[in-house]
Structures are given as C-alpha cells and as structure tokens.
Amino acid sequence: MNKMLDPKLFRNDIEATAAQLAKRGFSLDTALLIDLEEQRKAFQIKTQELQNQRNTRSKSIGQAKARGEDIQPLLAEVSQLGADLDAAKTEQDDVLAKIDDILSAVPNLIDHSVPDGASEDDNVEIKRWGTPRIFDFEVKDHVDVGAGIGNGLDFESGAKLAGTRFAVLRGQIAKMHRALAQLMLDVHTEEHGYQEMYVPYLVNQDSLYGTGQLPKFGEDLFHTDLSNKKFSLIPTAEVPLTNLLRNEIVEETELPIKMCAHTPCFRSEAGSGGRDIRGLIRQHQFDKVEMVQIVKPEDSFTALEALTGHAEKILERLELPYRTVILCTGDIGFSATKTFDIEVWLPAQNTYREISSCSNMGDFQARRMQARFRSTETKRPELLHTLNGSGLAVGRTLVAILENYQQADGSVKIPTALQPYMNGLTQIG
RNA sequence: GGUGAGAUGGCUGAGUGGUCGAAAGCACUGGUCUUGAAAACCAGCAAGGGUUUAUAGCCCUUCUAGAGUUCAAAUCUCUAUCUCACCGCCA
C-alpha cells in the first residue's frame with residue numbers, strides 16, 4: 001500500500017487535488033479514479049460484511065461446542081462462506097492494486113509560495129552572496145588544478161579501480177576533502193543544534209520505500225544481490241536518518257528532532273547521460289554532510305528557511321560566492337512541497353552550480369513511513385513533517401575551493417575557516 | 001558459519017485452537033480524598049482502515065513479516081527477518 005498523499009484528498013476533493021497536481025505538470029485521470037473509488041467502496045463493504053458474518057458464525061460454533069451441542073448443521077451453514085469471502089477479497093485486492101498503481105505515481109502537492117515554471121530556467125533567484133573573484137590569469141578548472149597538486153585528483157586511477165565516474169583523491173587534496181566534512185559537522189553540531197549520527201550505508205527496501213526512492217526511482221540506486229537479502233547503497237543520508245522515525249510515535253515534546261551525518265552517497269546516474277562526465281561534479285560515489293529535521297506540521301516551512309540558512313552558513317564560512325534559488329513547479333522533486341537549491345560559483349564554468357538542495361517534504365514521507373507524534377493537545381498520533389538538505393556536498397565544495405582559490409602558480413589558498421582543520425596550512429600545492 | 005532459545009500493547013510480562021484486541025504489573029490520563037502534594041481508592045488508557053458532518057456509534061484488520069491448515073489462529077505448519085546464549089572465525 002503506497003499511500004503518498006492523503007487518500008481522502010482523492011475521495012473528497014479530487015478536482016482541486018488534480019488542479020494542484022497539474023501545476024507541476026502531472027495529469028491525474030480523475031474519471032478513472034472516481035470510478036475505481038466507487039468500486040473500492042462497494043467491494044470493501046462487501047468483504048467486510050462477509051468477514052463479519054464469518055466471525056459471528058465462528059463464534060456461535062465455538063459456543064455451541066462448549067455446550068456440547070451438535071455442530072454439524074452449523075458447519076454446513078458456513079460452508080459457502082469461505083469461497084464467497086475469497087472471491088470478494090480477490091475483487092477488492094484487484095481494485096486496490098489498480099488504485100495503488102495510480103496513487104503511487106502521484107507526486108507531492110506543491111506549496112503555494114512556489115513559482116510556476118516549466119524547467120530549471122524558471123527557477124527564481126532569491127539571494128546572492130559574495131562577489132565572484134576577478135582573475136588576472138587564465139582560470140583552470142578543478143580537474144587541472146587538482147592534477148597539478150601532486151596528482152591529487154586522479155580520475156584515471158578511479159577508472160582503473162572501478163570505472164567511469166569514480167575518482168581517487170591523493171595527499172593534500174584528500175586531506176582537504178576530509179577537513180571539509182569535519183568543518184561542516186562541527187558547525188552543524190556546535191552552532192546549529194544538530195545531533196551527529198553515524199548510520200548504515202546499506203539499507204533495506206523498506207527504508208527506500210519510506211523516503212520515496214522506491215518504487216519509482218530504483219534505477220537510480222546501486223543494489224546488492226545476495227541470495228537471501230537485498231541491500232541498497234544509500235543515495236543520500238536522508239534515507240537512513242529519516243527512516244529512524246519509521247513506524248515510530250514520538251512525543252510532541254521531543255520535537256523538533258535535528259540530525260546530521262557525514263556519509264558517502266552512491267548514485268547510478270542512470271538518467272544523466274553524458275552530462276558532467278569531466279571532473280568531480282557528478283560521480284557514482286561522493287561524500288555529503290546531510291541535515292534532517294523532523295518537525296510539527298505547523299513548523300515545517302519555518303524550519304525549511306532555517307535549514308537552508310544552515311547550509312548557506314558553510315559557504316559563508318568558506319567565503320565562497322553563492323546564490324539561492326527556489327525551484328519552480330516544473331523543476332521541483334517528486335516528494336517535495338518546496339525546495340531551495342544553493343548554487344556555488346564555479347569560475348571555470350563561469351556559472352553557479354548546485355551544491356545543496358533543501359526540501360520540505362511535508363507529510364509525504366511521514367505518511368509512507370507512519371512517522372508520527374502524539375499531540376499533547378489531542379493525545380492522538382499525527383503525521384510528522386520531514387525536511388532534509390545537504391550541508392554540503394563535500395566533493396562539490398572541494399571543487400569550488402580548488403577553482404575559486406586557485407593562484408597563478410598552480411597552488412590553492414586554503415580558506416581561513418578551514419586552516420585549523422589543515423594543521424594551520426594556508427595553502428596547498 | 002554451527003547449535004539452542006526467543007519475538008505479544010509505551011515498558012515488563014501472562015496466554016498452546018473458540019466469547020482474546022489480548023490477564024497482571026509499571027507508566028500515563030481523569031476523578032474521589034487533601035490546605036497543597038504524596039499515598040490510597042475508583043475509572044480510563046493500542047494502532048491502521050471502512051462507513052459517517054463526527055476525534056459519536058457500528059464494522060473490518062493487526063500479537064515481527066509473508067504464506068498455509070481450520071467454520072474459527074497470538075496459539076498449529078512452512079519461509080524470511082531480527083534478538084539473545086554458547087561454540088567456531090574475524091577487524
């Protein structure tokens with residue numbers, strides 16, 4: 001049962017829901033769904049009625065037997081019931097499967113504040129921070145800069161060991177990569193109130209359903225193929241962190257829950273064709289520090305602003321120019337109600353490139369996971385809201401530093417905030 | 001990897017075919033009592049779904065998960081997962 005949106009939306013307010021979905025270019029077959037819904041109702045009532053009969057008959061058989069009466073006539077009465085029930089149940093399951101097929105493909109509803117648009121070209125810039133540096137020499141891209149520092153960025157070796165879209169980091173570059181993750185974790189835990197977590201990098205299928213990678217996006221992931229067990233490599237720490245709440249009911253007083261983790265992430269990049277084939281931008285394996293917040297429904301949009309600010313703070317610490325955009329209705333992800341992308345300036349590409357994506361998932365993931373809190377007011381369980389954001393993608397941050405801080409002689413200055421994590425070094429190469 | 005024992009409500013823990021959604025205790029909530037609190041006593045207290053204006057009633061489902069036997073399954077059978085203990089192995 002892949003409930004994603006509230007089923008009641010499709011029963012009580014289907015036209016309005018369809019209109020909402022149309023905003024992101026999703027067309028809902030309302031006539032079909034209304035028809036299926038009528039069938040569902042009929043079959044479900046029929047099935048439950050038969051179950052009710054079976055239960056009461058069985059009970060009376062038990063009572064008769066306890067009194068020592070002859071059971072045979074009663075057994076004859078119920079002989080047909082089993083077959084009828086099976087038939088009704090098959091009909092019901094059939095309709096439910098059809099409905100499920102449709103609903104599991106339905107994306108989340110978009111928040112009103114999200115701008116209309118067809119593609120990423122229509123995303124709206126809402127903030128710009130820092131000024132791109134003017135270079136008095138020809139800028140190299142990060143691949144060349146990294147290669148020049150002790151062969152610190154080595155894609156040939158990555159290809160040799162694993163294949164395309166893998167890299168080997170060496171020496172000072174590898175150290176800087178590690179230093180960046182340390183800095184990010186320290187800022188989020190010490191200044192932004194997140195609890196540091198260490199989590200599995202392989203997860204089970206239930207977890208992938210919980211955060212929405214399955215059933216629709218399985219081809220984006222790497223899956224292990226053991227005889228009796230199926231694990232998948234996490235595409236982001238959002239999966240293990242958010243799934244900690246799966247099938248849990250937390251007390252309202254425990255909220256908000258703020259967690260962060262530094263993990264590798266694995267993505268098959270099945271749909272990305274030949275894009276970004278050069279360099280560290282799009283790899284099958286990359287490191288990321290992820291932030292996740294679990295909040296009360298009424299707090300989630302405020303939390304999204306805060307969480308985005310936490311990601312921005314890292315770039316400000318590193319003095320890397322960036323801009324923040326709000327994804328338009330045509331570019332926003334499947335599970336999100338609203339998403340901010342943070343894009344860092346890359347001088348070699350003369351453009352801003354995504355380095356963080358911060359989303360409010362609303363109750364979409366929580367519904368699939370049955371992640372709830374007990375309201376102190378009503379005493380009843382209610383769905384939580386989940387948010388996540390990169391804070392930041394470590395590999396891409398490394399790229400940004402190599403490009404923005406490169407010098408004419410091929411060396412790279414180390415941002416002041418990062419120097420304590422690099423034994424006080426002020427430059428590498 | 002081997003052998004054995006387990007998995008029950010927020011927690012502990014009864015329950016080996018029938019009125020069990022499930023004893024009891026703890027925790028929690030409300031009440032009585034009290035100047036107040038505690039104690040004591042009384043009462044309530046799972047989740048999901050359907051129907052419904054309803055967080056009222058009524059009904060269905062759920063005792064790790066999935067399949068099976070039966071008129072009837074927490075209870076019997078099979079499979080999987082997880083936990084614990086001991087042995088082996090190992091970072």
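First the proteins, then the strands, lettered A, B, ... as listed; each starts at 1. Worth saying up front: this structure is predicted, and the values here are computed from it rather than measured.
Sorted by first and then second residue, the salt bridge (Lys or Arg N to Asp or Glu O under 4.0 Å) pairs with a member in residues 150-170 of chain A read Asp154(A)-Arg170(A); sequence neighbours excluded. Residue pairs satisfying the salt bridge (Lys or Arg N to Asp or Glu O under 4.0 Å) criterion with at least one member in residues 247-262 of chain A, sequence neighbours excluded, are listed as follows: Glu252(A)-Lys296(A). Pairs passing the ring-ring contact (aromatic ring centres under 6.0 Å, His included) check and including a residue from residues 7-62 of chain A, sequence neighbours excluded, do not occur. Counting only residues at least two apart or in different chains, ring-ring contact (aromatic ring centres under 6.0 Å, His included) contacts with residues 146-185 of chain A comprise Phe166(A)-His284(A). Among residues at least two apart or in separate chains, salt bridge (Lys or Arg N to Asp or Glu O under 4.0 Å) pairs with a member in residues 52-67 of chain A are Arg57(A)-Glu77(A), Arg67(A)-Glu69(A).
Only the P atoms considered, rU77(B) is 41 Å distant from rA91(B), to the nearest whole Å. Separation of the P atoms belonging to rG21(B) and rU61(B) is 10 Å when rounded to the nearest angstrom. Taking atom C1' on both rC71(B) and rU19(B), the two are 16 Å apart, rounded to the nearest angstrom.
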List the atom pairs, with distances to 0.1 Å, where a side-chain N or O of residues 299-315 of chain A and a protein N or O form a donor-acceptor pair under 3.5 Å, not counting sequence neighbours.
from, atom 1, to, atom 2, distance (Å)
Ser300(A), OG, Pro297(A), O, 3.3
Ser300(A), OG, Asn360(A), ND2, 2.9
Ser300(A), OG, His385(A), ND1, 2.9
Thr308(A), OG1, Leu304(A), O, 2.7
His310(A), ND1, Tyr194(A), OH, 2.8
His310(A), ND1, Ala306(A), O, 3.4
Glu312(A), OE1, Lys127(A), NZ, 2.9
Glu312(A), OE2, Thr324(A), OG1, 2.6

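Closest to the side chain of Gln44(A), out of rG49(B), rG48(B), rC71(B), is rG49(B). Which of rU51(B), rU55(B), rC59(B) sits closest to the side chain of Gln48(A) comes down to rC59(B).
Under the Watson-Crick or G-U wobble criterion, with both distances below 3.5 Å, rC45(B) is left unpaired in every strand shown. Taking a pair to require two hydrogen-bonding distances under 3.5 Å in either a Watson-Crick or a G-U wobble arrangement, rA74(B) remains unpaired. Nucleotide rC82(B) forms a Watson-Crick or G-U wobble pair with rG6(B), both donor-acceptor distances falling under 3.5 Å. For rA54(B), there is no paired base (Watson-Crick or G-U wobble, both distances below 3.5 Å). Summarising the base pairing, rA91(B) is matched to no nucleotide, lacking a Watson-Crick or G-U wobble pair whose two defining distances lie under 3.5 Å. Judged by Watson-Crick or G-U wobble contacts below 3.5 Å, the nucleotide rG25(B) has rC11(B) as its partner. The base-pairing partner of rU16(B), taking Watson-Crick or G-U wobble contacts with both distances under 3.5 Å, does not exist among the strands shown.
Close to rA47(B), at under 4.0 Å from its OP1 or OP2, lies a side-chain N or O of Arg374(A). Under 4.0 angstrom from either OP1 or OP2 of rC59(B) there lies no side-chain N or O belonging to Asn52(A). Using a 4.0 Å cut-off, some side-chain N or O of Lys41(A) falls inside it from OP1 or OP2 of rU52(B). Contact between the side-chain N/O atoms of Arg372(A) and the OP1/OP2 oxygens of rG48(B) is found at a separation under 4.0 Å.
The side-chain contact (heavy atoms from CB on, under 4.5 Å) check on Ala18(A) picks up Leu28(A), Thr30(A), with sequence neighbours excluded.
Distance CG (Leu85(A)) to C1' (rU70(B)): 14 Å, rounded to an integer number of Å. The separation between Lys8(A) atom NZ and rA54(B) atom C1' is 12 Å, rounded to whole Å. In this structure, the CZ atom of Arg367(A) is 13 Å from the C1' atom of rG48(B), given to the nearest Å.
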Set out, in order, the CA-CA distance, both residues' side-chain angles and the distance that settles side-chain hydrogen bond (donor to acceptor under 3.5 Å, both in side chains) for Asn108(A) and Ser335(A), then state yes or no. CA-CA 5 Å; Asn108(A) 202 355; Ser335(A) 311; over 6 Å; no

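Heavy-atom nearest nucleotides on RNA chain B were determined for Arg380(A) and for Arg11(A), and the one closer to the 5' end corresponds to Arg11(A).
Of all non-hydrogen atoms in Met184(A) and Leu392(A), the two that sit nearest each other are SD-N, 3.2 Å.
Asp276(A) places no side-chain N or O within 3.5 Å of a backbone atom of Ile281(A) that could act as its donor or acceptor partner.
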Any protein N or O atoms within reach of nucleotides 15-18 of chain B? Criterion: under 3.5 Å, listing atom names and distances.
from, atom 1, to, atom 2, distance (Å)
rG18(B), O6, Lys65(A), NZ, 3.3
rG18(B), N2, Ser58(A), O, 2.8

Polar atoms only, N or O, under 3.5 Å: list the protein pairs with nucleotides 61-66 of chain B and their distances.
from, atom 1, to, atom 2, distance (Å)
rU61(B), OP1, Arg54(A), NH2, 2.8
rU61(B), OP2, Asn55(A), ND2, 3.2

